[in-house]
Amino acid sequence: MHTCVRALLKVKKPANSNSRQAAVTWATWLEIISTMETQVSNGPSGTSLPNGPVISTNGATDDSKTNLIVNYLPQNMTQEEFKSLFGSIGEIESCKLVRDKITGQSLGYGFVNYVDPNDADKAINTLNGLKLQTKTIKVSYARPSSASIRDANLYVSGLPKTMSQKDMEQLFSQYGRIITSRILVDQVTGISRGVGFIRFDKRNEAEEAIKGLNGQKPLGAAEPITVKFANNPSQKTGQALLTQLYQTAARRFTGPLHHQTQRFRLDNLLNASYGVKRFSPITIDSMTSLAGVNLTGPTGAGWCIFVYNLSPEADESVLWQLFGPFGAVTNVKVIRDFTTNKCKGFGFVTMTNYDEAAMAIASLNGYRLGDRVLQVSFKTSKQHKA
DNA sequence: TAGAATT
């Protein structure tokens with residue numbers, strides 16, 4: 001774990017000397033890292049709360065001074081590392097690394113709610129601008145959650161290459177409060193790629209900006225710009241989800257795709273569930289170790305698949321979305337505790353066709369769903385040790 | 001013509 005934390009914390013002084021971050025000394029960083037490693041090796045800190053949550057006069061919890069949103073987190077940062085980093089500042093009331101509901105992958109942001117507003121302020125001053133691997137994290141107060149601030153992100157294309165981020169903000173600021181803006185640049189030359197993002201505070205502000213600016217030429221520009229709502233990266237299409245699952249599966253089974261034989265195996269993975277039958281029994285057998293296993297299927301309904309290590313929050317929709325892309329699914333079931341109604345950690349999926357079921361198993365067995373590794377196999381006639 | 005910003 002220490003190695004993990006060290007790996008994440010390739011701490012560098014932010015390049016931007018205007019950042020408040022620049023005032024923090026190396027001694028402070030080393031203290032933070034030291035604290036983190038102590039906490040990690042000691043496990044989670046205590047849960048006693050000397051101060052209760054701040055309660056406003058109308059009875060609602062007011063966390064506007066304690067609750068932070070953290071953006072631009074490294075993709076591979078875990079909840080544990082996230083908590084360690086922010087726990088090094090002060091006592092945390094709650095924190096959450098936000099993950100994709102289906103794939104379990106980090107969405108690159110999270111929330112930290114401190115017990116003490118002073119610690120929230122300290123976290124902003126200390127950790128905003130911290131470089132973790134290739135990312136520079138942003139730490140700021142979370143706005144109160146509401147529907148009006150969702151889906152307020154715009155994708156802008158056709159921008160003049162000479163237009164700066166500041167220019168773009170100036171153009172859009174007439175429609176509302178801008179939360180973030182970004183112009184994408186060529187990684188080698190650093191020249192604008194003519195596309196960017198603008199996130200407004202409110203969705204209706206974003207709508208007005210589309211009405212006012214889509215198809216318009218900025219002052220002095222030769223071409224009109226396109227302004228539309230950005231795709232939501234957490235709402236992946238079935239195809240994108242599949243690609244991600246296959247990439248994970250292919251990496252597990254073949255490692256980096258350097259060899260022709262491995263490329264061929266990936267082709268098999270990709271083609272099979274789109275109905276292009278270039279099915280290789282050897283590939284499947286090597287991945288699922290079916291030899292000698294006593295299967296229950298096919299029953300009248302199809303092939304029954306056992307899925308183990310689901311989270312207590314798992315529901316049927318997760319199973320549909322995990323297995324659906326591989327072919328015909330006729331039934332899914334999450335096994336729940338009778339009293340709590342939480343998932344007991346496993347479920348079943350029935351698929352009509354053997355090859356599609358085998359492909360789903362080959363791809364999803366060992367698949368990491370959040371911080372859990374799924375075990376997926378054909379259901380056997382023997383009672384599973386669970 | 002594509003970022004991981006509302007639990």
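To find a chain, count down the sequence lines: A is the first, B the second, and so on, and within it residues start at 1. No experiment lies behind these values; they were computed from the predicted model shown.
If you check distances only, the side chain of R150(A) never reaches the base of dT6(B) with a donor-acceptor pair under 3.5 Å.
Judged purely by distance below 3.5 Å, without hydrogens or angles, the side chains of S164(A) and D167(A) pair a donor atom with an acceptor atom.
For R143(A) and dT7(B), the CZ to P distance is 11 Å, given to the nearest whole Å. When rounded to the nearest whole Å, the span between CD1 of I179(A) and C1' of dT6(B) equals 11 Å. Per the geometry, CG belonging to L107(A) stands 9 Å off P belonging to dA5(B), to the nearest Å. Put simply, CG on N71(A) is 8 Å from P on dT6(B), counting in whole angstrom units. As rounded to whole Å, 7 Å separates atom C1' of dA5(B) from atom OH of Y72(A). We find that NZ of K138(A) is positioned 13 Å from C1' of dT6(B), with the value rounded to whole Å. For the pair K96(A) NZ and dA5(B) P, the interatomic distance rounds to 16 Å; values are reported in whole Å. For Y109(A) and dT7(B), the OH to C1' distance is 7 Å, given to the nearest whole Å.
The shortest side-chain heavy-atom distance between I225(A) and L171(A) falls under the 4.5 Å cut-off.
Within residues 187-207 of chain A, the residues that have a heavy atom under 4.0 Å from DNA chain B are, in order of number, R193(A), V195(A), F197(A), R199(A).
Nearest-nucleotide mapping onto DNA chain B: of V70(A) and L184(A), the residue sitting toward the 5' end is L184(A).
With hydrogens and angles disregarded, a donor-acceptor distance shorter than 3.5 Å links the side chain of D186(A) to the backbone of T189(A). Side-chain atoms of E356(A) come within 3.5 Å of backbone N or O of A328(A) as a donor-acceptor pair.
Nearest nucleotide to the side chain of K228(A), out of dT7(B), dA5(B), dA2(B): dA2(B). Minimum atom distance to the side chain of S140(A) is reached by dA5(B), of the listed dA5(B), dA2(B), dT7(B). Considering only the side chain of S157(A), dT1(B) comes nearest among dA2(B), dA5(B), dT1(B).
Among the protein residues, K101(A) comes within range of no part of the nucleic acid, since none of its heavy atoms lies under 4.0 Å from any strand. Within the 4.0 angstrom heavy-atom criterion, no nucleotide atom of any strand lies near N113(A).
A salt bridge links E313(A) to K342(A): at least one charged side-chain nitrogen sits closer than 4.0 Å to a carboxylate oxygen.
Environment of CD in E316(A): crowded, with over 12 heavy atoms of neighbouring residues, nucleotides or ligands closer than 6.0 Å. Within 6.0 Å of the CD atom in Q174(A), the count of heavy atoms belonging to other residues, nucleotides or ligands exceeds 12.
Using a 4.0 Å cut-off, no side-chain N or O of T180(A) falls inside it from OP1 or OP2 of dA5(B).
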